[in-house]
*Asks:* 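The structure under discussion is supplied below as structure tokens; questions concerning it will follow.
Being a predicted model, the structure only gives us computed values, none of them experimental. Below, chain A is the first sequence line, B the second, and so on; all start at residue 1.
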Amino acid sequence: MKIMTCPINGARPVSEFAYAGALRDMPDPATATDEQWAAYVFNKQGKAGIKREWWYHIASGVWFIAERDTAADRVIRTYLFGKEAA
Amino acid sequence: MKRLPPQPDEWIDRSRTLDFRFEGRAVNGFAGDTLASALLAAGEAFLGRSFKYHRPRSVLSLANHDVNALMQVTHKGHSRPNVRADVTPLAGGEVVTAVNTFGGLAADKGRFLDRLGAFLPVGFYYKAFYSKRWFPYWERMFRFMTGLGRVDVAAPRVRTPKRYAFCDVLVVGGGPSGLAAALAAADAGAKVVLVDENQQVGGSGLFALGADAAQHKQMNELVLAIRSNRRIEVMTGCFASGYYTDHWVPIVTPTCIVKMRAAAVVLAGGAYEQPAVFRNNDLPGVMLGSAAQRLIHRYAVKPCERAVVFAGNDDAYRVAADLAAVGVVIAAIVDLRPAAPNSVPAGVEVRRGMAVVEALADRRGLLRGVRIATPAADGTWDHAATEEIACDGLMVSVGFAPALALAYQAGARMRFDMQTQQFVPATLPDGLFVCGRANGIHTLPLKLADGAEAGAAAAAVAHGLAPHPRAAMIETAQPSHPYPIFEHPRGRNFVDFDEDLQLKDFFNAAQEGYDNIELLKRFSTVGMGPSQGKHSNMNAIRILAKIRGEPVEKVGTTTSRPMFHPVPMAHLAGRAFQVERSTPLHARHVAAGAVWMPAGQWQRPEYYAVAGLRREAAITAEVVAVREAAGLIDVGTLGKIEVYGPDAALFLERVYTGRFANLKVGMTRYGLMVDESAVVIDDGVIARLSEEHFYFTTTTSGSATVYRELTRWNTIWGLNVGITNLTGHLAAMNLAGPAARRILKTLTDGNLSDALFPYLGAREMRVAGVAARLLRVGFVGELGYELHMAADCAPHVWDALTSAGKPFGMRPFGVEAQRLLRLEKGHVIIGQDTDGLTNPLEASMQWAVKMDKPFFVGQRSLQILAKQPLRQKLVGFVLADDATGVPKECHLVIEAGAIAGRVTSIAHSPTLKRVIGMALIAPELATPGRSLKIRIDGALEIEAVVTDLPFYDKDGGRQRIADGVDMLGEAA
């Protein structure tokens, strides 16, 4: 069972976590065109590689970001949202 | 074969004789014997019949690297199939028969298949047997013929819960390098678990002795050091069945699976000795050199009287020495190598540069001698220039294939080492180490050094230190002959003993075009038998390389997958474990005769059974009670969330479609939630308890996901708001009906007058002495109060309401009645009347959406959708008066021969005395009065008419009634 490291709770089996989609910046709804907005809502980047994703530790309710290399199936690091510099 | 005098450190205990039966005969052995060693010591000539040709077989590896000796074992009342006699300890009292025989081992009727070999070429079943008419017959025949053991369906049910364990360093394999690794890791402070599939550790260090007393002594000291080291836990009779991410290794013990998490892993599984390929290489009496050594040193069994040793390496000479030491006459050592440098046992003839090209059988099918020849460089030999040597044992020692299955699974990359003629690891993932024969290191002093290095490096990784780079061990020995494979025109030179695959099968497969290792494997089935290629894959690769004229490395290998050895299904089976949630009122529902239904993970009362009433009638009675008197329903499964803080109102404005900043303290409002694509995902009632304090409900199935998503949004926005999930903490019940106020009044001092607690109000007051939040909501369309209170107080409140409601005719009502009541009011159920694509415009819920807010989730998408034509519309309908059937949910609306929508909810309304429903239909049909055709079972079409919603109480007066006079005679 793969290990994922929650930034608060430490290393836990991956079954304790839920994946919640890619970390993306929302375009400004006031200025985005309909096409730009639809692309944001529906189009996701499928290519394997280094991704930044939302992950949730179900047992404790912690939301965090995981940086993963989906081609190598490796979790590079995990950090709380806004704390990537740490 | 027969039993020898006591051997040093033999595994058998001669003071304990164990009786058992084999093929109808009484046999006995000693404690410590395996089934096979006991049978061989008792003189059994052969132990099994081969898979396809039913040739007689005896021991080949004695190491679970082949399944020549596969048994059906009946013991203590139940029977186990496919027991590996080579490695299964004798228990005493077993009744044992060989599998895969028709009429017993000796008189097996299948033995005539050997003569029909010409009609059973490789892949023959792909070429015939596909006639549709005959296939059922062929299928039955194949299943009958290819099955091995029998499953005992009366076997007792055994629970084998998984265990979990943790260690710093897991060492897989307890041979010399594994023992050295375990000691080195323990000396570095690591907590070590050492796993070995044999009954005792020591591995080849304690059987590949070559009559070397010094090695024996050294190994014993090593084993003693292991056993006395308190940081090392030894698990014998257990094997690591696979490698999973992050050093997660399931260890199969005799009774269960232990899921081991290690910080670092050392693979020291050794290497599988490989057979040579020559005609009749499967005769009873032909075995691997290591098998003979195991027989001698572990079980004190003399493998034969007169042996020929077929040598391709120096290990063969140690085999010869071991045989000679127990009185076996060595007729000759036939050495493939032109120059055999090693010390030769005294008086033994060595035939250099020669090969065994055929084993000869006597009339019983047992080995009586070998034919040897001098092979040319291309592997051929002069069939006229051969010699026969009489023997009753042929020990083959020509090479090894590394046990790297777990390394492959861990993502290691291998390279082919020309010196040792085997694959060795080239790159390994972090924290994984390989040592010993699996690493291409074959001589004992080097194995010990290699193991110690690996163990120290593993301990360093386990402690979070950077591992020092490992010194490269140079192995100068050449333990594997590059091509110990000899053709013969009459065949029966086996490559895979499990599958009865002979050399020409590979040439035939390649000729048919299956000349890629993956295709060759699947077409020929090499390596797909129970041994999973342990004794056959390397030779198959060599043969394919020769066919293609390519180096071995270019041919490659196929993937290795768990399990390493077969694992009993009982070990793998888990418990069926369904989470079931009950509300705090569960016992009350049981007592009231609830008929249960699953609602997600919850159990909810569908309705309450009434003696003498069928289900529909019982539900109708509940509906009538709510409309005319009062009903009480447990809605504790609803999600319940609080948000509080200075930004609470702002937060709600962003996550719901409606306006909440202007919600007055003490009032509630319906909330609709959509996702970023504007699809409806949840709804609920939001109550404002104070300026900065809101309390709201979600749907039962949405509570976890809504809470999760809300916390995610606030992680991004960082608003000054707290969010708490109280779903399990609070119970909730809904009291609804014209008598609701009067009933409630008897249990509370709070003011329930319409003026001070209006429709849609929210108040906190004590009910039956329990602090509760009351929300005056109208889901079922009657005067009603939803009470929320601490879960453990709920039964008390329920009981109080039940007795207070009795004189008024109050009944408990369940989910079915509630669905009917809300349908009469045209209230949408998210997920029933909406689907994964429905937006608020289609669901006719624009009234719940305030587009003029600065921002809410889904707003921008709704702007886009508002400009587009609607795809569908949710409408109410009634059946035409003369309707001849009743549609069900999801029956389709048909218009001009095409699908134009579907029914989402439908029921017979006791209040309106007709069938009503809701449907999502094409917008052009959505005009009140328009006729719809609904296709039901049997392709009948039923006519329905679109109507306005709600069906019942169109102006909502029932929810707002202010009683004229209450129980105490005061004006309400």
*Asks:* Less than 4.5 Å apart, any side-chain heavy atom of Trp54(A) and any of Thr715(B)?
*Replies:*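 They are in side-chain contact.
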*Asks:* Is the number of heavy atoms from other residues, nucleotides or ligands within 6.0 Å of CZ (Arg413(B)) greater than 12?
*Replies:*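 12 or below, so no.
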*Asks:* Taking atom CZ of Arg52(A) as the centre, does the number of heavy atoms from other residues, nucleotides or ligands within less than 6.0 Å exceed 12?
*Replies:*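 Counting other residues, nucleotides and ligands, CZ of Arg52(A) stays at 12 neighbours or fewer.
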*Asks:* Answer with side chain, backbone, both or neither: which region of Lys867(B) has an atom nearer than 4.5 Å to a non-hydrogen atom of chain A?
*Replies:*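 Interface part for Lys867(B): side chain.
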*Asks:* Flag yes if more than 12 heavy atoms outside Gln578(B) fall under 6.0 Å of its CD atom; otherwise flag no.
*Replies:*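 Incorrect, the count does not exceed 12.
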*Asks:* What is the minimum heavy-atom distance between Met26(A) and Glu676(B), and which atoms define it?
*Replies:*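 Taking Met26(A) first and Glu676(B) second, the nearest heavy atoms are SD-OE2, 4.0 Å.
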*Asks:* Decide if atom NE2 of His463(B) counts as having more than 12 heavy atoms of other residues, nucleotides or ligands within a radius under 6.0 Å.
*Replies:*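 Yes, NE2 of His463(B) has more than 12 neighbouring heavy atoms, counting only those of other groups under 6.0 Å.
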*Asks:* Measuring from atom CD of Glu35(A) to atom CD1 of Ile864(B), what distance do you get when rounded to the nearest 0.5 angstrom?
*Replies:*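 Going from CD on Glu35(A) over to CD1 on Ile864(B), the span is 8.0 Å.
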*Asks:* Counting only heavy atoms closer than 4.5 Å, note whether Arg708(B) contacts chain A via side chain, backbone, both or neither.
*Replies:*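 Both parts, backbone and side chain.
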*Asks:* Say you draw a straight line from OH of Tyr164(B) to CE of Met1(A); how long is it, rounded to the nearest 0.5 Å?
*Replies:*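 Going from the OH atom of Tyr164(B) to the CE atom of Met1(A) covers 7.5 Å.
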*Asks:* Distance-only, no hydrogens or angles: does the Asp246(B) side chain make a donor-acceptor pair with backbone N or O of Ile3(A) under 3.5 Å?
*Replies:*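 Answer holds: yes.
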*Asks:* Would you check if Val41(A) and Arg860(B) make a side-chain contact, meaning some heavy-atom pair closer than 4.5 Å?
*Replies:*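 In short, these two side chains do not touch, never coming nearer than 4.5 Å.
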*Asks:* Identify which part of Leu80(A) has an atom lying under 4.5 Å from any heavy atom of chain B, answering side chain, backbone, both or neither.
*Replies:*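 Leu80(A) has no heavy atom closer than 4.5 Å to chain B.
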*Asks:* For Arg24(A), does the CZ atom have more than 12 heavy-atom neighbours from other residues, nucleotides or ligands under 6.0 Å away?
*Replies:*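 Yes - once you tally the heavy atoms of other residues, nucleotides and ligands closer than 6.0 Å, there are more than 12.
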*Asks:* What is the distance from atom CH2 of Trp37(A) to atom OG of Ser861(B), rounded to the nearest 0.5 Å?
*Replies:*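 The OG atom of Ser861(B) is 6.0 Å from CH2 of Trp37(A), to the nearest 0.5 Å.
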*Asks:* Does atom CG of Asp852(B) have more than 12 heavy-atom neighbours from other groups under 6.0 Å away?
*Replies:*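 Enclosed: over 12 neighbouring heavy atoms sit under 6.0 Å from CG of Asp852(B).
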*Asks:* Report yes if the side chains of Asp34(A) and Gln863(B) come closer than 4.5 Å at any heavy-atom pair, otherwise no.
*Replies:*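 With C-beta onward as the side chain, the pair stays apart.
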*Asks:* State, with a plain yes or no, whether a side-chain heavy atom of Arg712(B) is found less than 4.5 Å away from one of Tyr56(A).
*Replies:*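 Arg712(B) does not reach Tyr56(A) side chain to side chain.
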